[in-house]
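Report on the following structure.
These values consider heavy atoms only, across backbone and side chains, with no hydrogens, waters or symmetry-generated copies.
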Amino acid sequence: AFPQQFEGFSPFLPSQIINLSPGSPAICTLNYSIRAYVLTSAGDTCWGNPYTYQFIVNSEPIKYNLLCPLPLCNGQTATISLDNSDVGIEYRLYRDGTFVPPMMAGTGARLDWSGIGIAGSYTITATNPSNGQSTLMNGMCQVIVNPLPQIFLLTSQNNAHCSPVTIMLSGSEAGIHYQLILNGNINNPVQTLTGTGQPGFLVFNPVVEEGIYTVHAVNILTGCERDMQGDVLVDPLIQQFAIYPGGILCEGVELCVDG
């Protein structure tokens with residue numbers, strides 16, 4: 001409580017804890033006054049000249065929470081958000097300590113930084129431009145960018161195109177699932193093989209149905225996926241019909257095809 005009185009020499013001034021409530025002015029000034037005095041033997045008090053000093057307290061921006069994205073696949077982008085903001089406060093996003101433009105002015109609502117596609121540790125700092133006070137927002141976003149499956153070339157054995165055809169991929173990665181797709185129907189793969197990571201072709205079972213075949217690769221651990229290079233066209237096999245009559249024939253005999 002103030003005022004306080006000290007007798008004799010004291011190297012310490014009275015302490016005081018200052019709490020600024022949300023919405024307080026950006027700058028608060030605390031004024032103090034000190035006067036020395038002497039008690040005479042007659043009981044009188046002789047006061048000296050007052051000494052006045054002041055403390056200037058800058059209020060910090062309110063801390064809000066970061067909202068972080070799920071892991072990405074190479075080529076994708078995501079959004080890092082701050083769940084709230086204050087008008088008059090400037091918010092800056094940093095990746096591994098480096099500023100990531102743009103600076104965003106507080107709106108009194110959530111803020112979003114979109115187009116984030118580089119891996120790293122992201123933080124947000126809020127600054128009150130009226131007093132220069134900055135503070136780190138709550139949390140950190142560790143953005144993870146996973147690679148896409150490696151591209152391999154799709155071909156057919158002996159470059160065949162008449163059904164049945166054996167379709168092959170020029171290589172594979174261990175743990176990647178390779179889906180054989182007919183006519184773009186990615187939701188209903190004809191076959192699925194798991195990559196080996198070994199040198200050589202990844203060979204699918206022979207296919208007989210006509211159409212255009214492609215291969216779609218999926219990393220089931222990360223969800224990253226992409227199409228392999230090339231496609232294989234499978235044409236229907238020419239039907240064979242019996243010829244009558246058979247055997248050794250004389251010149252001029254008519255032949256019949258049964259179909």
Roughly how far, to the nearest 0.5 Å, is CD of E173 from CG of L202?
11.5 Å
Spacing of E210 atom CD and L182 atom CG [to the nearest 0.5 Å]:
9.0 Å
Answer with yes or no whether the hydrophobic clustering places F201 together with Y213; edges join I, L, V, M, F, W, Y residues whose side-chain heavy atoms lie under 4.5 Å apart.
no
With a cut-off of 6.0 Å (strictly less than), are more than 12 heavy atoms of other residues, nucleotides or ligands near CG of N49?
no
Let's go through T123 and R95 carefully: what are the C-alpha distance in whole Å and the side-chain angles of both, what is the deciding distance for side chain to side chain contact (heavy atoms under 4.5 Å, CB included) to 0.1 Å, and is it a yes or a no?
CA-CA 7 Å; T123 56; R95 181 184 66 250; over 6 Å; no
If you define the side chain from C-beta out and look only at heavy atoms, does anything of I80 sit under 4.5 Å from P69?
yes
Rounded to the nearest 0.5 Å, how far does CD1 of I62 lie from OG of S85?
10.5 Å
Strictly distance-based, threshold 3.5 Å: is any side-chain N or O of T214 a donor or acceptor partner for the main-chain N or O of D231?
no
What's the spacing between L93 CG and Y122 OH if we round to 0.5 Å?
7.0 Å
Hydrophobic clustering (ILVMFWY, side-chain heavy atoms < 4.5 Å, transitive) - are L169 and I181 grouped together?
no
Given the rule that I, L, V, M, F, W and Y join up when any side-chain heavy atoms are under 4.5 Å apart, are V218 and V190 in one cluster?
no
Is a side-chain N or O of D83 found less than 3.5 angstrom from the main chain of N65, in a donor-acceptor match?
yes
Could you walk me through whether S114 and D112 satisfy the side chain to side chain donor-acceptor pair (under 3.5 Å) test, starting with their C-alpha distance in whole Å, then the side-chain angles of each, then the deciding distance to 0.1 Å, before giving a yes or no?
CA-CA 6 Å; S114 60; D112 296 318; over 6 Å; no
Determine all donor-acceptor pairs shorter than 3.5 Å in which one atom belongs to a side chain in residues 144-158; sequence neighbours excluded.
residue : atom : partner : partner atom : Å
S156    : OG   : A160    : N            : 3.1
S156    : OG   : A160    : O            : 2.8

Closest heavy-atom contact between C224 and L72?
SG-O, 4.3 Å
If every non-hydrogen atom of V208 is compared with every non-hydrogen atom of P164, which pair is closest and at what distance?
CG1-CB, 3.7 Å
Take I124 and R92 through the test side chain to side chain contact (heavy atoms under 4.5 Å, CB included) and record every step on the way to the result.
CA-CA 5 Å; I124 294 176; R92 292 174 173 84; over 6 Å; no
Before giving the answer on side chain to side chain donor-acceptor pair (under 3.5 Å), spell out for Q142 and S121 the whole-Å C-alpha distance, their side-chain angles and the decisive distance to 0.1 Å.
CA-CA 5 Å; Q142 189 68 44; S121 300; 2.6 Å; yes
Using atom types as modelled and distance alone, determine if a side-chain donor or acceptor of Q191 lies under 3.5 Å from a backbone N or O of N205.
yes
Rounded to the nearest 0.5 Å, what's the gap from CE on M228 to OG on S172? Could you check?
10.5 Å
Quick check: is M103 connected to Y91 through a chain of hydrophobic side chains (ILVMFWY, heavy atoms under 4.5 Å apart)?
no
Indicate yes or no: at least one non-hydrogen side-chain atom of Q133 is less than 4.5 angstrom from one of T127.
no
Taking it one step at a time, do F204 and T166 satisfy side chain to side chain contact (heavy atoms under 4.5 Å, CB included)?
CA-CA 6 Å; F204 292 89; T166 298; over 6 Å; no
Please examine the side chains of T135 and K63, heavy atoms only from C-beta on, and report whether any two atoms are closer than 4.5 Å.
yes
Atom pair CG/CD of N128 and E90 - distance to nearest 0.5 Å
8.5 Å
Flag side-chain contact, heavy atom, 4.5 Å: V87 against T107
no
How far apart are the closest heavy atoms of T222 and C73, and which atoms are they?
O-SG, 4.4 Å
Do L111 and Y94 sit in one hydrophobic cluster, given that two such residues count as connected whenever their side-chain heavy atoms are within less than 4.5 Å of each other, even indirectly?
no
Heavy-atom check, side chain of V234 versus side chain of H161, under 4.5 Å:
no
Side-chain heavy atoms of V165 within contact of V232, under 4.5 Å
yes
Within the 4.5 Å heavy-atom criterion, are L180 and V207 side-chain neighbours or not?
yes
Hey, are the side chains of W113 and S81 touching, using non-hydrogen atoms and a 4.5 Å cut-off?
no
